[in-house]
Amino acid sequence: MTLFSIKRSRLIQFCWQHLWLLISLYIMTLGVALCVRSNLGSSVISSIPMAFALAGEDGSASSLTIGGYTNVMNIILVLLQIAVLRRRFEPVQLLQLIIGFLFGALIDLNMILTSYLDYSLPWQQVTAQLAGCTVMGVGIAMEIRCGSVTMPGEGIQVAMSRVTGLPFPKMKIIIDTVLVALAVVSCYCFWGAWQWNIIGPGTLFAMLYVGFCVRLVGKHLGWFDRLLDYRPGFRRYIFGLARFIYSGFTRERK
């Protein structure tokens, strides 16, 4: 196998891996959008962006979407990682900014795609929240299996765990709690009252259920690992497409 073939194979595998990472991010953000639409409380990672986005609609903050404020928050989280880790911060982790930007853009896309949904009845809201958290858990489990650069929200948890020596699960609980507390503070700053559609029972449910869902789904993702290990070949697809077109043309002539 020539050096060129090896490099080409690695490039194809890199693109294949990150294609599935993009799909995983889409699934995650679809779950985020469903949680927002439930009006029972957003997910933890979107609680602060949602508060600022709604404040922007009232003219109390800059007029950005939830995805736009998610991008701002992701930049802050990466800067915090640099400040905490200092020389131990690996430059490759700056790619978190790209992943974070895609995450924010996909949140806005899914908010548009779910804009027709209207959950006014309690059972509809509960169903939307449960579906959103489940979909989010599946997406996170797939994203972890992709083995690429982590999301900024996970990156700050890893960084703080390294610095403090606390186990990652405990640090995740601490940081999630801090994010929710900051979202509550934002609500009081903008509206002077608790906003249940931003921080509600669904938020607490997401904090507990999503992690359980990730662990449960992760045990049944052997098929996804095999999919990631697949080596797509460009020529194979071209020849397969050519045979398909030729067979269809032959059938038409008969």
Side-chain angles (χ1 to χ4, degrees), residues 13-38 40-47 49-50 66-67 70 74 77 95-96 99-100 102-107 109-111 113-114 117 119 123-158 161 167-177 179-180 200-230 232:
Q13 182 60 21
F14 177 85
C15 294
W16 179 253
Q17 177 189 22
H18 285 78
L19 169 64
W20 284 103
L21 175 63
L22 182 62
I23 293 173
S24 301
L25 292 177
Y26 177 82
I27 295 173
M28 289 170 60
T29 54
L30 176 59
V32 171
L34 289 173
C35 289
V36 171
R37 296 298 181 192
S38 74
L40 290 179
S42 67
S43 62
V44 174
I45 196 64
S46 62
S47 57
M50 183 179 178
I66 295 179
T70 299
N74 285 333
L77 291 176
L95 293 175
Q96 290 181 35
I99 302 299
L102 290 173
F103 186 78
L106 289 173
I107 286 179
L109 173 62
N110 277 307
M111 287 298 294
L113 294 178
T114 59
L117 298 175
Y119 299 114
W123 71 267
Q124 294 175 328
Q125 295 175 326
V126 171
T127 301
Q129 185 71 33
L130 178 60
C133 290
T134 302
V135 171
M136 196 188 323
V138 172
I140 292 174
M142 292 172 62
E143 180 251 337
I144 293 173
R145 292 297 184 102
C146 288
S148 184
V149 178
T150 60
M151 292 283 295
E154 298 168 358
I156 188 62
Q157 294 165 4
V158 172
S161 179
F168 177 79
K170 290 185 178 180
M171 183 53 64
K172 176 176 174 55
I173 294 174
I174 292 173
I175 291 182
D176 284 352
T177 303
L179 292 177
V180 170
T203 307
L204 178 60
F205 175 74
M207 291 177 68
L208 300 174
Y209 176 75
V210 172
F212 166 77
C213 188
V214 170
R215 290 191 296 271
L216 181 64
V217 172
K219 298 177 181 179
H220 304 282
L221 282 182
W223 62 271
F224 189 68
D225 293 336
R226 293 190 294 272
L227 193 60
L228 287 174
D229 290 337
Y230 176 67

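On a predicted model such as this, the values are computed, not experimentally measured, just so you know. The chain is numbered in sequence order, starting from 1.
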Next item on the list: Take L34 and L117 through the test side chain to side chain contact (heavy atoms under 4.5 Å, CB included) and record every step on the way to the result.
Entry: CA-CA 9 Å; L34 289 173; L117 298 175; 3.9 Å; yes
Next item on the list: Apply the test side chain to side chain contact (heavy atoms under 4.5 Å, CB included) to residues Q124 and T127: give CA-CA distance (whole Å), side-chain angles for both, the deciding distance (0.1 Å), then the verdict.
Entry: CA-CA 5 Å; Q124 294 175 328; T127 301; 5.7 Å; no
Next item on the list: Step by step, work out the side chain to side chain contact (heavy atoms under 4.5 Å, CB included) result for I66 and T70.
Entry: CA-CA 6 Å; I66 295 179; T70 299; 4.1 Å; yes
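Between L21 and Q17 there is no side-chain heavy-atom pair separated by less than 4.5 Å. Inter-residue side-chain proximity for I99 and Q96 is flagged as unmet; no heavy-atom pair is nearer than 4.5 Å.
Here the rule is side chain to side chain contact (heavy atoms under 4.5 Å, CB included) with S43, and of M136, M50, Q129 only M136 fits it.
Residues meeting the side chain to side chain donor-acceptor pair (under 3.5 Å) test with N74, sequence neighbours left out: none. Applying the ring pair (Phe, Tyr, Trp, His ring centres under 6.0 Å) rule to F205 yields the partners Y209; only residues at least two apart in sequence or on another chain are considered. Residues satisfying the side chain to side chain donor-acceptor pair (under 3.5 Å) test with E143, not counting sequence neighbours, are none. Not a single side chain to side chain donor-acceptor pair (under 3.5 Å) links S47 to another residue, sequence neighbours left out. Partners of L216 according to the side-chain contact (heavy atoms from CB on, under 4.5 Å) rule, which considers only residues two or more places apart in sequence or in another chain, are F212. Legend: residues meeting side chain to side chain donor-acceptor pair (under 3.5 Å) with T114, ordered by chain and number and at least two apart, are R37. With sequence neighbours left out, V158 forms a side-chain contact (heavy atoms from CB on, under 4.5 Å) with R162, F168. Checked against side-chain contact (heavy atoms from CB on, under 4.5 Å), A105 has no partners two or more places apart in sequence or in another chain. Under the rule for a side-chain contact (heavy atoms from CB on, under 4.5 Å), the partners of T177 that lie at least two apart in sequence or sit in another chain are I173, M207.
Remark: I27 CD1 to L106 CG distance equals 11.0 Å, nearest 0.5 Å. Put simply, CG on D225 and CZ on R145 are 4.0 Å apart, with the number rounded to the nearest 0.5 Å. Interatomic distance, CG of L130 versus CD of Q125, reported as 13.5 Å (0.5 Å rounding). Interatomic distance, CD1 of I140 versus CD1 of I45, reported as 9.0 Å (0.5 Å rounding). I23 CD1 to C146 SG: the interatomic distance, rounded to the nearest 0.5 Å, is 8.5 Å. Going from atom CD1 of I144 over to atom CZ of F224 covers 11.0 Å, rounded to the nearest 0.5 Å.
The shortest heavy-atom contact between V135 and G31 is CG1-N, 3.7 Å. Nearest heavy-atom pair, G218 versus A141, reported as atom, atom and distance to 0.1 Å: N-CB, 4.3 Å.
Within the structure, salt bridge (charged side-chain N to carboxylate O under 4.0 Å, His left out) pairs that include any residue of residues 20-32 do not occur (at least two apart or interchain). For residues 21-35, the side chain to side chain donor-acceptor pair (under 3.5 Å) pairs, not counting sequence neighbours, are Y26-N110, T29-N110.
Using modelled atom types, one side-chain atom of T203 and one backbone atom of S42 make a donor-acceptor pair closer than 3.5 Å.
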